[in-house]
Amino acid sequence: DNIGGLFADSLRLSLRSGVTQSEIDTLRARLNSDEQNYYLNLETLADELDLAEELLSGSSRGVVVEGIDSRSAAADNAKYGQSGSDLQPLGAAAKAKEEITIYASGIPAGQTVAVYATQFNAEASAWRAQVGTLENGRNILTIPQIGSQNTPRGGSLYITYSGTAPENIRLHVRRAVDIPALTLQNMGIEDM
């Protein structure tokens, strides 16, 4: 709660007014003391302290997504007689067995944003796996190992969402690698 109290919003995109480096240092000392034996998710808490320092210095790492699309393969199939992919790129990648944090806000009650991991150079039968579903607030997810090959495991992260009010959903991805993502959403033939 003390670490969460450093931030002005649930997405952890800004600090509350008056946060100092001394306050962050005090919390880091507590996290590195024997007191850590009473907490879960130590890596996430340490990353939140790193994030607070980044924001204090005026910049931060991480991927921020402002609004997403509502896509439904079933609705596309009914309307067009075929469907496209409902995957939306997050602009982040992660290795298998790594833990990432996604802060979410604006997800309407009863609706689901699902996170998927994919595998670069995948086997034909195993190229993606669902990592989990997001709730508003902090979500700590572990990337699954996809496939059985003895090669580095990991790849791009995607989301799916088919509900209402997608423009209000905001995501902040931490502890993943920021990668370029080309999105062509809302682009019509006349734009090409």
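It should be emphasised that the depicted structure is a prediction, and the values quoted were computed from it without experimental measurement.
- The side-chain contact (heavy atoms from CB on, under 4.5 Å) test with Ile159 singles out one residue from Val65, Leu87, Asp69, Leu171, and that residue is Leu171.
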Using atom types as modelled, flag every donor-acceptor pair under 3.5 Å from a side chain in residues 89-110 to any protein atom, sequence neighbours excluded.
from   : atom 1 : to     : atom 2 : distance (Å)
Glu98  : OE1    : Lys95  : N      : 3.1
Glu99  : OE1    : Arg175 : NH1    : 3.4
Glu99  : OE1    : Arg175 : NH2    : 3.2
Thr101 : OG1    : Arg175 : NE     : 3.3
Thr101 : OG1    : Arg175 : NH2    : 3.0
Tyr103 : OH     : Glu48  : OE2    : 2.6

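- Sparse packing is recorded around CG of Asn121, with 12 or fewer heavy atoms of other residues, nucleotides or ligands lying under 6.0 Å away.
- Residues His172 and Val63 form no side-chain contact, since every pair of their non-hydrogen atoms from C-beta on lies 4.5 Å or further apart.
- Residues Asn2 and Arg30 bring a donor and an acceptor atom of their side chains to less than 3.5 Å of each other.
- Evaluation of the salt bridge (charged side-chain N to carboxylate O under 4.0 Å, His left out) test over residues 147-174, restricted to residues two or more places apart or in two chains, returns Asp47-Arg174, Glu54-Arg174, Glu66-Arg170.
- Residues Tyr39 and Phe7 share a single hydrophobic cluster, defined by chaining ILVMFWY side chains whose heavy atoms lie under 4.5 Å apart.
- When the side-chain hydrogen bond (donor to acceptor under 3.5 Å, both in side chains) test is applied to Ser14, no partner is found at least two apart in sequence or on another chain.
- Between the CG atom in Leu45 and the CG atom in Asn41 there is a gap of 6.5 Å [rounded to 0.5 Å].
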Original post:
side-chain contact (heavy atoms from CB on, under 4.5 Å) between Thr160 and Thr112: does it pass, once the steps are laid out?
Top reply: CA-CA 8 Å; Thr160 60; Thr112 302; over 6 Å; no
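- Applying the 6.0 Å contact sphere to CZ of Arg61 captures no more than 12 heavy atoms from other residues, nucleotides or ligands.
- When the side-chain hydrogen bond (donor to acceptor under 3.5 Å, both in side chains) test is applied to Ser162, no partner is found at least two apart in sequence or on another chain.
- Annotation: the span from Gln88 atom CD to Tyr158 atom OH amounts to 11.5 Å, rounded to 0.5 Å.
- Annotation: the span from Leu51 atom CG to Ile3 atom CD1 amounts to 11.5 Å, rounded to 0.5 Å.
- Among residues two or more places apart in sequence or in another chain, the side-chain hydrogen bond (donor to acceptor under 3.5 Å, both in side chains) test is passed with Asp25 by Gln21.
- A distance of 5.0 Å separates CD1 in Ile24 from CG in Leu56, rounded to the nearest 0.5 Å.
- In this structure, CG on Leu49 lies 6.5 Å from CG on Leu6, to the nearest 0.5 angstrom.
- Considering Ile143, Leu141, Thr118 in turn, Ile143 is the only one that fulfils the side-chain contact (heavy atoms from CB on, under 4.5 Å) rule with Leu157.
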With a 3.5 Å cut-off and sequence neighbours excluded, list the donor-acceptor pairs that the side chains of residues 123-135 form with protein atoms.
from   : atom 1 : to     : atom 2 : distance (Å)
Glu123 : OE2    : Ser148 : N      : 2.5
Glu123 : OE2    : Gln149 : N      : 3.0
Gln130 : OE1    : Tyr116 : OH     : 3.4

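- Under a hydrophobic clustering in which Ile, Leu, Val, Met, Phe, Trp and Tyr are joined whenever their side-chain heavy atoms come within less than 4.5 Å, directly or via other members, Leu13 and Leu55 fall into different clusters.
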**OP:** Test side-chain contact (heavy atoms from CB on, under 4.5 Å) on Tyr161 and Gln111 and set out the steps.
**Re:** CA-CA 8 Å; Tyr161 180 73; Gln111 298 187 14; 2.3 Å; yes
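- From Leu15, atom CG reaches atom OG of Ser60 across 9.5 Å, with rounding to the nearest 0.5 Å.
- Tracing side-chain contacts under 4.5 Å through hydrophobic residues (I, L, V, M, F, W, Y), one never reaches Val173 starting from Val64; they form parts of separate clusters.
- No more than 12 heavy atoms of other residues, nucleotides or ligands shown are found within 6.0 angstrom of CG on Asp34.
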**OP:** Test Ser156 against Ile179 for side-chain contact (heavy atoms from CB on, under 4.5 Å), laying out the working first.
**Re:** CA-CA 8 Å; Ser156 294; Ile179 61 170; 3.5 Å; yes
